[in-house]
Visitor: 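This is the structure, below, for whatever I ask next.
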Amino acid sequence: MRALAVELGLPLRAVALGDLDQPVLTRVPRQPARYGAGSVAEASALAAAGKGARLIGPRAVSGDRQATAAIAERNGE
């Protein structure tokens with residue numbers, strides 16, 4: 001993840017589980033009960049970007065379904 005963040009010129013931030021209550025674009029049925037978020041990737045991106053952030057699109061899922069990623073921006077940043 002760190003290498004991808006560097007390659008894309010994006011910061012990599014950790015977020016607390018309690019900060020995942022965010023409005024998301026996609027929903028994974030089993031995640032709300034476990035993590036409190038419809039999409040952990042999207043909710044994490046929004047929480048990391050801060051107040052007023054928006055997703056630039058829905059989460060991306062790897063071909064083997066072992067990883068997901070989402071990117072959010074704040075005020076056009």
Side-chain angles (χ1 to χ4, degrees):
M1 284 187 356
R2 184 172 289 140
L4 178 61
V6 168
E7 182 179 327
L8 296 175
L10 299 170
L12 184 61
R13 298 186 176 121
V15 297
L17 188 59
D19 293 335
L20 296 182
D21 183 21
Q22 303 285 333
V24 296
L25 299 175
T26 60
R27 301 200 67 74
V28 178
R30 68 185 178 279
Q31 287 189 356
R34 188 169 183 184
Y35 300 106
S39 166
V40 171
E42 292 176 7
S44 295
L46 288 167
K51 187 174 179 158
R54 70 176 187 84
L55 292 166
I56 63 169
R59 64 185 163 79
V61 182
S62 66
D64 63 5
R65 305 198 57 78
Q66 296 296 306
T68 60
I71 299 173
E73 66 180 358
R74 183 179 57 211
N75 300 326
E77 295 176 5

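Values below: all heavy atoms of this structure, side chains included; hydrogens, waters and symmetry mates excluded.
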Visitor: May I ask whether I56 and L4 are part of the same hydrophobic cluster, defined by side-chain heavy atoms of I, L, V, M, F, W, Y residues being less than 4.5 angstrom apart, directly or through others?
Guide: yes

Visitor: When clusters are formed by joining ILVMFWY residues with side-chain heavy atoms under 4.5 Å apart, either directly or through shared neighbours, do L25 and L46 land in the same one?
Guide: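 In one cluster with L25: L46, yes.
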
Visitor: Determine which pairs satisfy salt bridge (Lys or Arg N to Asp or Glu O under 4.0 Å) with at least one residue from residues 9-26, sequence neighbours left out, and list them in order.
Guide: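 For residues 9-26, and leaving out neighbouring residues, there are no salt bridge (Lys or Arg N to Asp or Glu O under 4.0 Å) pairs at all.
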
Visitor: Hydrophobic clusters here meaning ILVMFWY residues chained together by side-chain heavy-atom distances under 4.5 Å, can you tell me if V15 and L17 are in one?
Guide: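 As far as the 4.5 Å side-chain criterion goes, L17 and V15 are connected within one cluster.
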
Visitor: For residues A70 and A45, report the shortest heavy-atom separation together with the two atoms involved.
Guide: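 It is O-CB, 3.5 Å.
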
Visitor: In chain order, what residues pass the side-chain contact (heavy atoms from CB on, under 4.5 Å) check against V24, with sequence neighbours excluded?
Guide: R27, S39, E42, A43

Visitor: Run the side chain to side chain donor-acceptor pair (under 3.5 Å) test against R54 and tell me which residues pass, sequence neighbours left out.
Guide: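 Per chain and number, R54 pairs via side chain to side chain donor-acceptor pair (under 3.5 Å) with E73.
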
Visitor: Among V61, V40, V28, T26, which residue meets the side chain to side chain contact (heavy atoms under 4.5 Å, CB included) test with T68?
Guide: V61

